[in-house]
Amino acid sequence: MAAKMTSEIFSVANGISSDEERVNYLRQNATKAVKEILRYNFNDIKFVLPEGRPDLKKDEFNPQRGFIEGVDDGATLNYEMRKMYLFIEGGHPTLTNLKRESLWHELINSLHPAEADDLWHMKDKKLQEKYDKITHLVAYNSFPEGLQQPQPKPKRDNQGRFSKSEKSKKKKAKK
């Protein structure tokens, strides 16, 4: 039986009503690609690729060129995730930007369009725009071994300033 595509797994998880069930579903359907996409999206990993999708003519860039419906050419995202080091900062320091971008486009063109779309979102750290219920906390609770713990966002007071943390209040009380 073929593994589910990441887009299928994320879409089903996004449709689940509670975070606890969503975490359990992601754990039950954990593939290398699912874990890695969440890790690259939510951790402090910088991609050395231009942000967004390229604005090319239709003839120059066709995401379905390498993928033929119903034909398994062996290019699955679970297998191709091993190449991600080529596209992150410090992953391959001697690779030129032109070669890096051409490798990225070859990778994108070899995948199913739905999985390629997940990679585009992951690269720009915008996966939660596509799957709004798969948050950093849900990803962390699903796979804590590979993700950084989510930090609470700093709170602002009614004048727009960041409020002081509990630690700084305690230091003042001791003095």
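In this text the structure is predicted, and so the values were computed from the model without any measurement. Just so you know, residue 1 is the first one in the sequence shown, and it goes up from there.
Annotation: side chain to side chain donor-acceptor pair (under 3.5 Å) contacts of N14 (sequence neighbours excluded): D132. Checked against side chain to side chain donor-acceptor pair (under 3.5 Å), Y25 has the following partners two or more places apart in sequence or in another chain: K4. In terms of the side chain to side chain contact (heavy atoms under 4.5 Å, CB included) criterion, residue partners of V23 (sequence neighbours excluded) are, by chain and number, R27, V138, N141, S142. Applying the side chain to side chain donor-acceptor pair (under 3.5 Å) test to K83 and every residue at least two apart in sequence or in another chain returns E80. Judged as a side chain to side chain contact (heavy atoms under 4.5 Å, CB included), and not counting sequence neighbours, the contacts of I88 are Y40, I45, F47. Residues satisfying the ring pair (Phe, Tyr, Trp, His ring centres under 6.0 Å) test with F143, not counting sequence neighbours, are none. Shown here are the side chain to side chain contact (heavy atoms under 4.5 Å, CB included) partners of S18, two or more places apart in sequence or in another chain: E20, E21. When the salt bridge (Lys or Arg N to Asp or Glu O under 4.0 Å) test is applied to D124, no partner is found at least two apart in sequence or on another chain. Legend: residues meeting side chain to side chain contact (heavy atoms under 4.5 Å, CB included) with N41, ordered by chain and number and at least two apart, are M122, K125, L127, Q128. The salt bridge (Lys or Arg N to Asp or Glu O under 4.0 Å) search around K99 returns none, not counting sequence neighbours. Residues that satisfy the side chain to side chain donor-acceptor pair (under 3.5 Å) test with T31, not counting sequence neighbours, are N78.
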Verify side chain to side chain contact (heavy atoms under 4.5 Å, CB included) between M5 and L77, making sure each step is shown before the conclusion. CA-CA 8 Å; M5 292 190 314; L77 194 50; over 6 Å; no
Residues N29, E8; criterion side chain to side chain contact (heavy atoms under 4.5 Å, CB included); working and verdict: CA-CA 10 Å; N29 292 282; E8 292 175 314; over 6 Å; no
Yes or no on side chain to side chain contact (heavy atoms under 4.5 Å, CB included) for E106 and L103, after CA distance, side-chain angles and deciding distance? CA-CA 5 Å; E106 286 176 22; L103 288 171; 4.1 Å; yes
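Judged as a salt bridge (Lys or Arg N to Asp or Glu O under 4.0 Å), the pairs with a partner in residues 33-50 (not counting sequence neighbours) are, in order, E36-R39, K46-E89.
Note on L137: it does not cluster hydrophobically with L38, by side-chain heavy-atom contacts below 4.5 Å among ILVMFWY residues.
Contact of the I9 side chain with the Y131 side chain is not registered, since no non-hydrogen atoms from C-beta on lie closer than 4.5 Å. In this structure, F87 and V48 have side chains that are not in contact, with every pair of non-hydrogen atoms separated by 4.5 Å or more. In this structure the side chain of L107 reaches within 4.5 angstrom of the side chain of L119, judged on heavy atoms. In this structure the side chain of K123 reaches within 4.5 angstrom of the side chain of W104, judged on heavy atoms.
Inspection of the S7 and D118 side chains reveals no N or O donor paired with an N or O acceptor under 3.5 Å.
Here L49 contributes atom CG and N97 contributes atom CG; the two are 8.5 Å apart, rounded to the nearest 0.5 Å. Going from atom CG of L95 over to atom CG of L98 covers 9.5 Å, rounded to the nearest 0.5 Å. Note that NZ of K133 is 16.0 Å distant from CZ of F10, once rounded to the nearest 0.5 Å. Of the inter-residue distances, the one linking I16 atom CD1 with N24 atom CG reads 8.5 Å to the nearest 0.5 angstrom.
Cation-pi check for R82 over Y79 is met; the charged atom lies under 6.0 angstrom from the ring centroid and within 45 degrees of its normal.
Between H105 and W120, the ring planes are tilted. Angles from 30° to 60° get that label.
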